[in-house]
**Student:** 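This structure is in structure tokens; I'll ask about it shortly.
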2 protein chains.
Amino acid sequence: MITMKDIAMELGINESTVSRALNNHPHVHPSTRERVAEAARRLNYRPNTLARSLATNRSYVVGLVISNIANLFFAEVTQGIEQVADANGYSVILCDTARDAAKERRYLDLLASRQVDGIIFMSGRLPADTVAAIRSVKCPVVMISRDGARYGIPTVRINNRVEAARAVNYLINLGHARIGFISGQLDDAESGLPRLAGYKAALSDAGIPFDPCIVQEGDFTMESGVRACTRLLDAVPRPTAVFAANDEMAIGAMKALAQHGISVPKDMAVVGFDNTALARVVTPALTTVAQPLRSLGSTATEMLIRMMTGQGLKDIEVVLDCQLVVRSSCGGTGI
Amino acid sequence: MITMKDIAMELGINESTVSRALNNHPHVHPSTRERVAEAARRLNYRPNTLARSLATNRSYVVGLVISNIANLFFAEVTQGIEQVADANGYSVILCDTARDAAKERRYLDLLASRQVDGIIFMSGRLPADTVAAIRSVKCPVVMISRDGARYGIPTVRINNRVEAARAVNYLINLGHARIGFISGQLDDAESGLPRLAGYKAALSDAGIPFDPCIVQEGDFTMESGVRACTRLLDAVPRPTAVFAANDEMAIGAMKALAQHGISVPKDMAVVGFDNTALARVVTPALTTVAQPLRSLGSTATEMLIRMMTGQGLKDIEVVLDCQLVVRSSCGGTGI
DNA sequence: CTGTTAGCGCGTTCAA
DNA sequence: TTGAACGCGCTAACAG
């Protein structure tokens, strides 16, 4: 490995002069600056970021703690994060926790050891010890789609209640009065309960009575969507539309409908939530509440950068809007 | 930040003794070891990995250069990589190149600056300057699904020719004699040409003449699959089966068939390639050549670790097998 | 078994 | 504008 010392010796000057020249410090003679640059090029010098970080106490690395990178939701958010991080000179260390709370804490510790300048967290629930682990890391942390603001942790999220209501209102405006709902786990304080609440609120605002018989709990998997929808089909009267708390369950619902020979959207309208690539790929293409996936990532990263550079935040919580993307599962044209 | 020096002073002993105790070196008195451990716990000591890496010249970080993390193919491979890396004490720096060759080289340079112990590369083609950039990084590199072996770079891959033939043979055994093919870009030396070659070989082995009219080139996107399949439907005689070089195009094909009222698999069998989550989610669920996605990642990482720890490799190239997963697009039962 | 010394590569004083 | 000296936190070599 070739170091600053090497190019200093090569030029018969001092190491610190090399450092200053390479880092574009103000008071270096143009000629020395040029000689240093030339020598660096010629010797194929590569700065050692580790040493620099140790000396400056800034690593230009951010940690990303995520529950499942093979899930399109996280993968798309991750892309937004990586892009903004890189554009600002930061590298991203990827930590996939597989929803294991112990692993989450281990990763937080690891990242602290690695002297990351900041952390983006979007994994798991927030029990007391996880919050404690986050606090014990001394660097800035931003959360995505979690209830971090309650603990004073800067957060980027959507308003799940409002966005779920958006979907239901759309179905109501389409003329549906009997709308089934496939929820996620109701102990999920983010995508579970709030989306159910939004469903209820929209019905209530429209004067439609709430019928628990046409609410089925799933677990965000396609298979659970199949089962939940199958149960919904037994309800009397049978719903004319189904809203699912995420796309995978909505897709499962469409599978169940296909099995029963029920045509979408002629006999049943289906709406999902998230708008990962899955939504546009299924047949018929899925109408869905589109989360701004990349924006969740990029916005969070921008917040984190402001914090890492000591610029401070206007708001501790940023709420982004979703958009209803109408596709053929609901009367749109599809691809 | 609390350092080894702090806990050394606290205990009135020497810094290096602390280091040895913390690192479980052989010759330390059990009692001092315990006192050090206790003090470390009490003071909430966290090792500074940066400093350690600088001193030992090993960072326990690997770089991952990938073209698109929001693509399920890469996301699933990435999960395999991260899992094995973490299990062996390595962290992963994620670099998303967006298929930009300049960005690839920039990232390689960055990773070298960050003193990564190794790199996994699965992005883009391999023009001379990319190969040069890879060589100029002095750490071990492993490639996935690329023609790296030709340049002496250890590689994990599948045999695209053989695996494509596997799918076509399956269709032939099902009784199909007129099998359309939707290829990827033919200038893709990995998933393009070889898969076409496998298609041709399987036909030839079965004594079925090759008809260029029922081969259409796409670009691996769903939309291109729609267009290609639409063209295939005009061929006379019309194919009874379609094989697409990846799942997205196969899904596009199924969309086109649905638009034309052609029932899958009754009137047309469809087979794809890759087996990302997309394949099991579409309706009907897609029969596909299943790449061992996580294994590609984990195997590559295991190779890399062998290299980084100086254990050497048996083979410079590891070829993994695929498996045909039969789902309802082809006569299977689907979900 | 433990202390001393030196050094990893770089940034940053403080003088000159 | 440059050089000399020191420190970042940790590991390693050599004594003792």
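Since this is a predicted model, take the numbers as computed values, not measurements. Convention: sequence-line order gives letters A, B, ...; per-chain numbering from 1. Only this structure's heavy atoms are used, side chains among them; waters, hydrogens and symmetry mates stay out.
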**Student:** Rounded off to whole Å, could you give me the CG-to-P distance for the B/L54 and C/dC8 pair?
**Tutor:** 9 Å
**Student:** Under a 4.0 Å N-O cut-off, is there an ion pair linking A/D96 with A/K103?
**Tutor:** no
**Student:** Taking CE from A/M9 and P from D/dA4, how many angstroms apart are they, rounded to a whole number?
**Tutor:** 13 Å
**Student:** When the distance from NZ of B/K5 to C1' of C/dT4 is rounded to whole Å, what number comes out?
**Tutor:** 14 Å
**Student:** Just checking, is any N or O donor in the side chain of A/S136 or B/R46 under 3.5 Å from an acceptor N or O on the other one?
**Tutor:** yes
**Student:** Can you tell me how far CZ of A/R33 sits from CG of A/L22, rounded to the nearest 0.5 angstrom?
**Tutor:** 10.0 Å
**Student:** For B/H27 and C/dT2, what is the distance between atoms NE2 and C1' respectively, to the nearest whole Å?
**Tutor:** 12 Å
**Student:** Would you kindly give the CD-to-P distance between B/Q115 and C/dC8, to the nearest whole Å?
**Tutor:** 14 Å
**Student:** In whole angstrom, give the distance that lies between atom CD1 of B/I2 and atom C1' of D/dC10.
**Tutor:** 14 Å
**Student:** At under 4.0 Å between heavy atoms, how does the protein contact nucleotides 11-16 of chain D? Give one character per nucleotide, 5' to 3', with B, S or -.
**Tutor:** SBB---
**Student:** Verify whether one side chain among A/D274 and A/T276 offers a donor that lies under 3.5 Å from an acceptor in the other.
**Tutor:** no
**Student:** OP1 or OP2 of C/dT2 less than 4.0 angstrom from a side-chain nitrogen or oxygen of B/T32, does that happen here?
**Tutor:** yes
**Student:** With heavy-atom distances below 4.5 Å as the criterion, would you say the side chains of B/R294 and B/Q83 are in contact?
**Tutor:** no
**Student:** Between A/E302 and A/N88, is there a side-chain donor-acceptor contact under 3.5 Å, judged purely by atom types and distance?
**Tutor:** no
**Student:** B/L50 has an atom CG; how far is it from atom P of D/dG9, in whole Å?
**Tutor:** 11 Å
**Student:** With a 4.0 Å cut-off on heavy atoms, is A/H29 in touch with a base, just the backbone sugar-phosphate, or nothing at all?
**Tutor:** sugar-phosphate
**Student:** Quick one, A/Y60 and B/R114 - any side-chain contact, counting heavy atoms below 4.5 Å?
**Tutor:** yes
**Student:** Output the rounded distance in Å from CZ (B/R114) to P (C/dC8).
**Tutor:** 22 Å
**Student:** Which residue, B/R33 or A/R46, contacts DNA chain C at a nucleotide closer to its 5' end, judged by nearest heavy atom?
**Tutor:** B/R33
